[in-house]
Novice: 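Sharing a structure below in structure tokens format, with a few things to ask.
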Protein chains: 2
Amino acid sequence: MPWPTTRKQETRKKILKSAVRLFANKGFHNVSLGEVMRDAKLTHGAFYAHFSSKQELYKEAVYAATEDSPLAGILRESDGNLSFEKIVKTYLCEEHVEQKVSPCPLAAFATDVSSLDGDAKNAYSHVFEGLLEILQTRSGGEFPDRQSAMSLAALMIGGVVVSRALKDEEVIHELLEACIAKASQIIK
Amino acid sequence: MPWPTTRKQETRKKILKSAVRLFANKGFHNVSLGEVMRDAKLTHGAFYAHFSSKQELYKEAVYAATEDSPLAGILRESDGNLSFEKIVKTYLCEEHVEQKVSPCPLAAFATDVSSLDGDAKNAYSHVFEGLLEILQTRSGGEFPDRQSAMSLAALMIGGVVVSRALKDEEVIHELLEACIAKASQIIK
DNA sequence: GTCTATAAACTGATAGAC
DNA sequence: GTCTATCAGTTTATAGAC
């Protein structure tokens, strides 16, 4: 049996991928473990061979979502250096709002994390600091300070979170464009 | 029986007040109707004399939260004209993040609304347009345009939403201060 | 309009066969 | 490691007494 661990980790990854999508779409309490496992083509009894509880799954989903997030994708493609404009436009776009791409957990999981335990908050905080670092060091040439990066992160996350709650697609477009336009004013 | 309607509306308001606080703290799916009614000193059987479903309660809670929100409070006190600084600092403060004051539904309900039905999205959108109007017309003298108001709203809501998901109080303080500091740059 | 009682469905988690 | 079966608890919503 040369690769037993790998086989298990692949199943684990499949569960996490389903969890990220479902949690992002419907929220922690409105997703059952049965639904997650069904989505991953397994039965719900098998869940506890991979995670000890639903809360642990959520914490791991925060990290898993980070690896597949829109920004992680363009970071990999770019050899570590990105234009400021590319970062902002990749985040504040309709595809991300509608979750046609794997969503950033900072936007999709924020409210859930507020009402969950310390582990989830720790994971969220860790990912948030990661975004600040990207904004401060990887945005080509401009290098905003920590204060600018923080408010920029709030603007980006807020823009996506609010867009997801709005009804009218035209207003959503207007909001995303407004955030993109004003983002550059923040780092000056 | 001179005021039978009033009596009923007071009970209704009591239910809504409990609903706002609980939904904001724990989220739609993690609050049961029994819990709401218990908080309002009633039994859960009485719920359906006031609302037809939990989703209808949520929609009404969005509007009820608006009336008690931090901005509605300072608007009433100020004869309709507020300094831009006062608005931003009233919203982006620890008391609002920790929900020691009745919270703004745009921050507390955003993620829940994303996964709920059209009625909830309509209510959210309506309240959001109300915030834009306040930012555009009530902020003394400066009168930002719609684009500035939109990005300012995203910054304010994002700042509160992210703060609630973070672990470290010092980072939360830093984030709120950063958003306050950069808010004024947006409307210029 | 509020209560108690209950229906019908679903939840997270566990036990044991394979 | 995955399955089926099941437990005990909770959920929204309804029915009927007062």
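Naming: A, B, ... by sequence-line order, numbering from 1 per chain.
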Novice: What's the closest nucleotide to the side chain of B:Leu42 if the choices are D:dG1, C:dC3, D:dT12?
Specialist: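 The closest nucleotide is C:dC3.
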Novice: Please report the distance, rounded to the nearest Å, between CZ in A:Phe47 and P in D:dT4.
Specialist: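 These atoms are roughly 18 Å apart.
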Novice: Could you check how far NZ of B:Lys54 sits from C1' of C:dC10, rounded to whole Å?
Specialist: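 It is 13 Å, rounded to the nearest whole Å.
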Novice: Which one, D:dA5, D:dT2, C:dC3, comes nearest to the side chain of B:Ala46?
Specialist: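 Looking only at side-chain atoms, B:Ala46 lies closest to C:dC3.
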Novice: Would you mind reading off the distance between B:His29 atom NE2 and C:dG12 atom P, rounded to a whole angstrom?
Specialist: 12 Å
Novice: When you measure from the side-chain N and O atoms of A:Ser32 to the phosphate of C:dT11, is any distance below 4.0 Å, counting only OP1 and OP2?
Specialist: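 Checking A:Ser32 against C:dT11: at least one side-chain N or O falls below 4.0 Å of OP1 or OP2.
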Novice: Provide, to the nearest angstrom, the distance between the CD atom belonging to A:Glu35 and the C1' atom belonging to C:dT11.
Specialist: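 About 12 Å, once rounded to whole Å.
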Novice: Between B:Phe28 and A:Thr43, which has a closest nucleotide on DNA chain D that is more 5'?
Specialist: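 In this pair, the answer is A:Thr43.
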Novice: What does B:Val31 touch in the nucleic acid at a heavy-atom separation under 4.0 angstrom: a base, only the sugar-phosphate, or nothing?
Specialist: sugar-phosphate
Novice: Without swapping roles, check the side chain of A:Ser52 against the backbone of A:Tyr48 for a donor-acceptor pair under 3.5 Å.
Specialist: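 No, A:Ser52 side chain to A:Tyr48 backbone: no donor-acceptor pair under 3.5 Å.
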Novice: Got a salt bridge between A:Lys26 and A:Glu35, using NZ or NE/NH1/NH2 to carboxylate O under 4.0 Å?
Specialist: yes
Novice: Can you check whether B:Thr11 has a side-chain N or O nearer than 4.0 Å to OP1 or OP2 of C:dT2?
Specialist: yes
Novice: Could you tell me how far apart B:Tyr48 (OH) and D:dG16 (P) are, to the nearest whole angstrom?
Specialist: 17 Å
Novice: Evaluate the ring planes of B:Phe23 and B:Phe109, with Trp represented by its six-membered ring, and classify them as parallel (under 30°), tilted (30 to 60°) or perpendicular (over 60°).
Specialist: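 B:Phe23 vs B:Phe109 ring planes: perpendicular.
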Novice: Could you state the atom-to-atom distance from NE2 of B:His50 to P of C:dG1 in whole Å?
Specialist: 7 Å
Novice: Which residue, A:Gly45 or A:Arg38, contacts DNA chain C at a nucleotide closer to its 5' end, judged by nearest heavy atom?
Specialist: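 Residue closer to the 5' terminus by nearest nucleotide: A:Arg38.
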Novice: Can you tell me if the side-chain N/O atoms of B:His44 get under 4.0 Å from OP1 or OP2 in D:dT14?
Specialist: no
Novice: Applying ring-ring contact (aromatic ring centres under 6.0 Å, His included), can you list everything that pairs with A:Tyr124, at least two apart in sequence or on another chain?
Specialist: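 ring-ring contact (aromatic ring centres under 6.0 Å, His included) list for A:Tyr124, sorted by chain: empty.
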Novice: Whole angstroms only, please: what is the CZ-P distance between A:Arg12 and D:dT2?
Specialist: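 For the pair A:Arg12 CZ and D:dT2 P, the rounded distance is 12 Å.
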Novice: Rounded to whole Å, how long is the line connecting atom CD of B:Glu10 with atom C1' of C:dT2?
Specialist: 16 Å
Novice: Once you round to the nearest 0.5 Å, how far does CD1 of B:Ile15 lie from CE of B:Met37?
Specialist: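 If we round to the nearest 0.5 Å, B:Ile15:CD1 and B:Met37:CE are 4.0 Å apart.
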